[in-house]
Amino acid sequence: MANRKIRVATTSLAGCFGCHMSFLDIDERMLQLAKVVEFDRSPITDIEHCTNCDIGLIEGGVCNSENVHVLREFRKNCKILVAVGACAINGGLPALRNFIPLEECLQEAYLDGIGVENPQIPNDPELPLLLDKVRPVHEVVKIDYFLPGCPPSADVFWKFLTDLLEGREPSLSYELVHYD
Ligand code: SF4
C-alpha cells in the first residue's frame, strides 16, 4: 500500500445512509483501512467541504439543488469519483417519484397526507429546492466507477477499495456483484 495516506471523502445525497452502514460493516477491517486512508469530508467526520481527495464515494441520487452543489464539489476535488449503490447509479427507489408530478408529491406529503397537521408546503429560502425528477449522479457529473447493490456489501467495498489502494484496476467477482 502507498506511503502517503490516501484521502477519501464520502457523502450521502438522496440516499438512506444504508450504503455508509454497509461500508462500516467491514468491521475490524476498518482498522486496517485507517492505516492507509484518512477521511476527508464524510458523515463520519466533522469536515464540511472536501479538498484534494484521491477518492470520493457518492451514495444516493440527486433530488435537490444542494445535492447538485455537493456532487459538483466532489467532482472538482476528487481524482476518482465512485457512484455507490443503486440510488447513485440509477436513482434507486427514490426515483419512483419520477412517475408522479412533483406538485402532487408535495401536495400529498404536506397538505393531504394522512396525519398531516398544520398543512403547508415548506418554503423557507434556506431549504434546497427539489428537482423535478430524481437523477442518477452520472447525469450531473462524470463518474469513474459504479459499485452496484442496495447496498453494496461490505465485502464489495473492501475488494473495491483494496484494489484501488494497491494500485490495481478494481475487479469484482460475479458473486460479489448484485443489484438488490
Ligand atoms: S442504494 Fe440502497 S442502501 Fe444505498 S442509499 Fe440507496 S436505498 Fe440506501
Side-chain angles (χ1 to χ4, degrees), residues 8-30 33 37 39-50 53-75 77-78 80-100 102 104-106 108-109 113 127-165 170-180:
V8 177
T10 81
T11 191
S12 180
L13 304 177
C16 75
F17 283 91
C19 288
H20 276 81
M21 290 296 117
S22 192
F23 177 39
L24 295 178
D25 275 346
I26 63 172
D27 296 331
E28 70 281 0
R29 288 174 288 185
M30 190 57 89
L33 203 61
V37 159
F39 284 97
D40 194 86
R41 175 188 167 147
S42 169
I44 59 175
T45 68
D46 259 350
I47 302 170
E48 282 183 24
H49 296 283
C50 70
C53 287
D54 298 288
I55 303 170
L57 304 176
I58 308 282
E59 166 194 304
V62 183
C63 77
N64 65 32
S65 55
E66 199 218 353
N67 293 162
V68 174
H69 177 77
V70 171
L71 183 55
R72 286 187 175 147
E73 183 185 273
F74 266 68
R75 179 66 280 178
N77 290 288
C78 300
I80 296 173
L81 201 59
V82 187
V84 173
C87 296
I89 292 174
N90 59 26
L93 285 179
L96 285 175
R97 85 150 156 91
N98 293 355
F99 299 99
I100 304 165
L102 181 58
E104 274 182 43
C105 293
L106 291 169
E108 179 64 20
L127 295 172
L129 288 174
L130 289 173
L131 305 186
D132 62 337
K133 298 210 186 302
V134 179
R135 309 277 174 181
V137 292
H138 71 82
E139 287 189 9
V140 180
V141 297
K142 178 179 174 291
I143 296 294
D144 300 298
Y145 292 101
F146 297 85
L147 215 53
C150 181
S153 69
D155 288 340
V156 170
F157 274 107
W158 182 248
K159 177 70 169 66
F160 178 80
L161 284 174
T162 48
D163 276 354
L164 270 189
L165 295 174
S171 160
L172 303 176
S173 65
Y174 179 79
E175 293 73 33
L176 280 180
V177 175
H178 60 93
Y179 294 86
D180 56 351

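Atoms within a ligand are numbered from 1 in the order they appear, just like the ligands themselves. Positions are given from 1 along the sequence.
- Note on atom 6 (Fe) of ligand 1: protein N, O or S atoms under 2.8 Å away count 1, no waters included.
- Pairs engaging residues 10-30 under the salt bridge (Lys or Arg N to Asp or Glu O under 4.0 Å) rule: Arg29-Asp155 [sequence neighbours left out].
- Listed by chain and number, the residues in a salt bridge (charged side-chain N to carboxylate O under 4.0 Å, His left out) with Asp163 are Lys159, Arg168 (sequence neighbours excluded).
- Side-chain polar atoms of Ser12 and His20 form no donor-acceptor pair below 3.5 angstrom.
- Under the rule for a side chain to side chain contact (heavy atoms under 4.5 Å, CB included), the partners of Ala83 that lie at least two apart in sequence or sit in another chain are Ala88, Ile89, Val137, Ile143, Phe146.
- Atom CD of Glu139 has more than 12 heavy atoms from other residues, nucleotides or ligands within 6.0 Å.
- Ring geometry for Tyr145 against Phe160 counts as perpendicular: the plane angle is over 60°, on a 0 to 90° scale with 30° as the lower cut.
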